[in-house]
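Remarks on the structure that follows.
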Amino acid sequence: MAYKGLLERYAHLLDLPAHTRAVTLHEGNTPLIPVPRLAEGMGGGFELYVKFEGLNPTGSFKDRGMTAAISEALGRGSKAVICASTGNTAASAAAYATRAGLRAVVLIPQGEVAAGKLAGVVAYGAEVIQVQGSFDEALSMVVQLSEKHPLALVNSLNPYRLEGQKTAAFEICDTLEAAPDMLCLPVGNAGNISAYWMGFKQYHQKQNTDLPKLLGVQAAGAAPLVAGHPIEQPETVATAIRIGKPARGEQALEAAQESGGRIIAASDEEILAMQGRLASEGIWVEPASAAGMAGLAKEIQAGNIDPKGQRIVAVCTGHGLKDPDIITQQMETPEVLPLDLGVLEKRIVG
Ligand code: F0G
């Protein structure tokens, strides 16, 4: 049977109101890619997989939550949706809203959103407002606006976002025919780690799968859940997770603790190094998306995790195409040669 997206695939497991009217771009169903060389590089002796969420319709995992949130909003009769975003939520909201025929308004921190994300928001036709403030401040604004006006909030404070996002846990268990021993993923506003935990617990109850340990990874300059207090001016190259007051921070800490795992920080250098290592496996992800795997490598190296005999999944949340500048700004302009067979032969085969 043809795949028709998450709301159909996992209808029996999603807690969505009866009025929900499915809006889908056939999101989800993303590959779980084995990366044995990367595992060898970390010492070997374990199975390592990448859940490549950059292969969703708008290039990030946000589409899982957005199909649910927009479908609920449409069914409820909403005419407009609003969100604050570091970029990916905005692009996803824009795509699903236009598909549903709804107005989409997105607030983004001025000058802090990667080019591929902003381009998506514009291409899908959403109204973009840059605010002179951080993501956290923008989120506070959209929450207030949605309380005062008929604007459906589609940030992950919206419970239906988590309903959609928990499907990634179902897919991993379905593909492996078991739960992994550990799941590593980046943490920003902390909705995704909360949603994965909901999903794993639900499968544990319904399908008797085990529960993985969760390793949540924040960027060192934006790590409120590691510091134990909000960060007023978060700073990191991983702009997607440049967040100082995660809306679902407590839920995320609880999830990590309940799972027997934890939330740690990885430096920008560690994140970018892992972005490079993933690219050399043929998996190009945006910087934030490499944080989960970077945290895993760090924990193994520090001796805090013994991976031997384990099955570990790292979630790569967004595609590298989202943030081309991080690569192009550092690269040398490719060499230019004349269109001459001899010259090209000499250069290529010596
Ligand atoms: N990875 C990417 C690529 C993201 O865009 C985000 C969040 C995260 C990880 C963290 O997920 O917030 O659920 O803990 N991006 C949000 C946005 C904040 O606006 O696109 P989280």
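Counting convention: from 1, in listed order, for ligands and their atoms alike. Numbers for residues simply follow the sequence, beginning at 1.
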Where on [X] is there a heavy atom closer than 4.0 Å to ligand 1, on the side chain, on the backbone, on both, or on neither?
X	answer
K322	neither
A190	backbone
I241	side chain
R248	neither

Between G188 and ligand 1, is there a nitrogen or oxygen pair with a distance under 3.5 Å?
-> yes
Considering distance alone, does some N or O of N189 sit under 3.5 Å from an N or O of ligand 1?
-> yes
Kindly state each residue pair satisfying ring-ring contact (aromatic ring centres under 6.0 Å, His included) with at least one member in residues 30-74, sequence neighbours excluded.
-> F52-H319
Side-chain contact, heavy-atom cut-off 4.5 Å: M42 with L296?
-> yes
Is there side-chain contact between K245 and L139, with heavy atoms separated by less than 4.5 Å?
-> no
Atoms of ligand 1 less than 4.0 Å from [X] heavy atoms?
X	result
T86	15 (N), 16 (C), 17 (C), 18 (C), 19 (O), 20 (O)
A240	2 (C), 3 (C), 4 (C), 5 (O), 7 (C), 15 (N), 18 (C)
I243	18 (C)
N88	2 (C), 3 (C), 4 (C), 5 (O), 20 (O)
E286	3 (C)
S289	3 (C)
G191	13 (O), 14 (O), 21 (P)
S85	17 (C), 19 (O), 20 (O)

Distance-only, no hydrogens or angles: does the S85 side chain make a donor-acceptor pair with backbone N or O of I108 under 3.5 Å?
-> no
When you measure from the side chain of K51 to the backbone N and O of A169, does any donor-acceptor pair fall under 3.5 Å?
-> no
Group every Ile, Leu, Val, Met, Phe, Trp and Tyr by side-chain heavy-atom contacts under 4.5 Å, then state whether L48 and L215 land in the same group.
-> yes
Identity and distance of the protein heavy atom lying nearest [atom]:
atom	value
atom 20 (O) of ligand 1	T89 N, 2.8 Å
atom 2 (C) of ligand 1	T317 OG1, 3.3 Å
atom 11 (O) of ligand 1	F61 CZ, 3.5 Å
atom 13 (O) of ligand 1	N192 N, 2.8 Å

Among K117, Q165, E53, K62, closest by heavy atom to atom 15 (N) of ligand 1 is K62
Measure across [X] and [Y] and return the closest heavy-atom pair with its distance rounded to 0.1 Å.
X	Y	result
K308	G43	NZ-O, 3.9 Å
V154	A69	CG1-CB, 4.1 Å
L162	G191	CD2-O, 3.5 Å
V217	A266	CG1-CB, 3.8 Å

In Å, rounded to the nearest 0.5 Å, how long is the span from NE2 of H26 to CG of L6?
-> 10.5 Å
Would you say S156 touches ligand 1, if touching means a heavy atom closer than 4.0 Å?
-> no
Quick one: which of R64, K166, R9 gives a salt bridge (charged side-chain N to carboxylate O under 4.0 Å, His left out) with E171?
-> R64
